[in-house]
Amino acid sequence: MKHTTLFYLVATAFALVGATACSSGDDGDEPANPTPTNPTERKLVIGVSANPWFDENGNARETRGAVITTETLQQFSMDAYSSELLAKYTVNRDNINNSWIPTPVNNQGGWPGDKNTPVSFYAHTAGTCNKDDSGNYYVAFNSEEASGFQHDLLLSKITNVTYSGTGGVIWFTFDHACAAVEFNIQITNKLKKEKNIESLTVNSVVLKNIAKTGDCYYSTGSGNQWKNVGDLSDPGDQLGYTDYTLNTGDLTVTTTPQPLPCNTMFVIPQTLREDAGVEIKYTLPSQAKKDTIISLAGTEWEAGHLYPINIVLGTTLIK
């Protein structure tokens, strides 16, 4: 299946320490007051930039859904760890001043810890950050079952940095952790001719048996790694899987491809199970409602890629 590589976001975070700590000498000396008595004096400022999406030919393209861009990213969470959790922040965008405001959740704000203790920062746009028994960090994520309310999950980390070594300046590079899927639907000219119909009424389109839960581990090399997708400890467990309804009402489908109302869906990267597919319920003129299913068994969805799925209804599927 063809796929399109998603853009990535680059976020830059600067920790500033009042007027005196923001400047240094011409020789690049450390700021004059790297550890102020009141840590709330240290302010975190974030700038975000983004590349557009690209198709397989390297051409920039627009998307149909709520993909996070420079303009739409409004908030992310940030957790700071040393050997244990030091601080949690919610970082909100100030649209008026075009800046970012970090709000401490469980501490007094500012740089966590002293100036020489290594700190690791883990940022994420959804889910919750956790640490497993082996000391690895991950985000527990649940994809919303309503296709119009899903989240584009992005992750970034900065590890083992000190205030004295960075002057309070940290840089984030966000990566897409989800896969994105877009749907188009149409009938074939052969169906139109043989059934003598100009259009087909599609009552519902449902994407079935898709994993909705998983743990995304922050990368130790290239790319983030998903584990526990769909809670597969029990092969018969359905709690981690769901069906997604892709339309909100009857659709009049013709030979001209049209997008489904769900726009871009964000899903956990996975290899689809044998029972995964697209179920379509439809009505032919003067006939009762019928249904058909298109299998997606074995389809692979990878993080950071956009997958267009073209639903083409012809004489094989429509009886």
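Considering every non-hydrogen atom in both Leu154 and Thr125, the closest pair reads N-OG1, 2.9 Å. The minimum heavy-atom distance linking Thr254 with Ser199 is given by the pair CG2-CB, 3.9 Å. Scanning both residues, Ala211 and Tyr244, for their nearest heavy atoms gives O-OH, 4.5 Å. Closest approach of Ile197 to Leu191, counting heavy atoms only: CG1-O, 4.2 Å. Closest approach of Ala126 and Val139 over heavy atoms only: O-CG1, 3.4 Å. Across Pro269 and Ala177, no two heavy atoms sit closer than the pair CG-O, 3.3 Å.
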Inset, instruction - Kindly indicate, with the supporting measurements, whether the criterion side-chain contact (heavy atoms from CB on, under 4.5 Å) is fulfilled by Thr103 and Val105. - result: CA-CA 6 Å; Thr103 302; Val105 176; over 6 Å; no
Inset, instruction - I would like to know whether Tyr241 and Lys208 meet side-chain contact (heavy atoms from CB on, under 4.5 Å); could you show each step before the answer? - result: CA-CA 9 Å; Tyr241 285 78; Lys208 298 185 69 67; over 6 Å; no
Legend entry - Trace of the side-chain contact (heavy atoms from CB on, under 4.5 Å) decision for Val202 with Asp250: CA-CA 6 Å; Val202 171; Asp250 288 353; over 6 Å; no
Legend entry - Worked check of salt bridge (Lys or Arg N to Asp or Glu O under 4.0 Å) between Asp291 and Lys281: CA-CA 4 Å; Asp291 62 79; Lys281 295 184 178 180; over 6 Å; no
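One finds the CG atom of Asp275 at 11.0 Å from the CG atom of Leu296 (value rounded to the nearest 0.5 Å). One finds the CG atom of Leu200 at 13.0 Å from the NZ atom of Lys192 (value rounded to the nearest 0.5 Å). Taking NZ from Lys290 and CG from Leu284, the interatomic distance works out to 6.0 Å, rounded to the nearest 0.5 Å. Rounded to the nearest 0.5 Å, atoms CG (Leu153) and CZ (Phe174) are 10.0 Å apart. Atom CG of Leu306 sits about 12.5 Å away from atom CE of Met265, to the nearest 0.5 Å. To the nearest 0.5 Å, atom CD of residue Glu194 and atom OG1 of residue Thr315 are 5.0 Å apart.
Note on Val206: it does not cluster hydrophobically with Phe183, by side-chain heavy-atom contacts below 4.5 Å among ILVMFWY residues. Placement of Tyr163 and Val161 within a single hydrophobic cluster is found when ILVMFWY residues are connected by side-chain heavy-atom separations under 4.5 Å, directly or transitively. Follow the hydrophobic side-chain contacts under 4.5 Å out from Leu86 and you reach Ile170 in the same cluster. Cluster membership for Val267 and Ile294, using ILVMFWY side-chain heavy atoms within less than 4.5 angstrom, is shared. Taken together through direct or relayed side-chain contacts under 4.5 Å among Ile, Leu, Val, Met, Phe, Trp and Tyr, Ile309 and Leu317 form part of one hydrophobic cluster.
You'll find the side chain of Asn95 reaches within 4.5 Å of the side chain of Gln74, heavy atoms only. Between Leu272 and Ile210, some side-chain heavy-atom pair lies under the 4.5 Å cut-off. Side chains of Phe141 and Cys216 form no contact here, defined as non-hydrogen atoms less than 4.5 Å apart. Side-chain atoms of Leu313 and Ile280, non-hydrogen and from C-beta on, do get closer than 4.5 Å to each other. With contacts defined as side-chain heavy-atom distances shorter than 4.5 Å, the pair Ile311/Val205 qualifies. Residues Val253 and Thr201 fail the side-chain proximity criterion, which asks for heavy atoms closer than 4.5 Å. At least one side-chain heavy atom of Trp226 sits less than 4.5 Å from a side-chain heavy atom of Ile268. Looking at Leu260 and Ile185, their side chains come closer than 4.5 Å, going by heavy atoms from C-beta outward.
Within a 6.0 Å radius of NZ in Lys131, other residues, nucleotides and ligands contribute more than 12 heavy atoms. Counting non-hydrogen atoms of other residues, nucleotides and ligands closer than 6.0 Å to CD of Gln75 gives a total above 12.
Under the ring pair (Phe, Tyr, Trp, His ring centres under 6.0 Å) criterion, Phe121 pairs with Trp111, sequence neighbours left out.
In this structure, Tyr122 has its ring center under 6.0 Å from that of Tyr218. Ring centers of Tyr81 and Tyr137: under 6.0 Å apart, within the cut-off.
Counting only N and O atoms by type, the side chains of Asn209 and Glu274 include no donor and acceptor under 3.5 Å apart. Looking only at atom types and distance, the side chain of Thr162 has no donor-acceptor partner in the side chain of Asn116 under 3.5 Å away. A side-chain N or O of Glu182 and one of Thr264 form a donor-acceptor pair less than 3.5 Å apart.
In this structure, the side chain of Ser295 engages the main chain of Ala297 through a donor-acceptor pair within 3.5 Å. No donor-acceptor pair closer than 3.5 Å links the side chain of Thr188 to the backbone N or O of Val312. Looking at Asn184, its side chain never comes within 3.5 Å of a backbone N or O of Pro257 through a donor-acceptor pair. Side-chain atoms of Asp79 never come within 3.5 Å of backbone atoms of Ser77 as a donor-acceptor pair (strictly under, hydrogens ignored). Using modelled atom types, one side-chain atom of Asn247 and one backbone atom of Asn203 make a donor-acceptor pair closer than 3.5 Å. Between the Gln258 side chain and the Thr252 main chain, a donor and an acceptor come within less than 3.5 Å of each other.
In this structure, Lys227 is positioned above the aromatic face of Tyr217, its NZ or CZ under 6.0 Å from the six-membered ring centre and within 45° of the axis.
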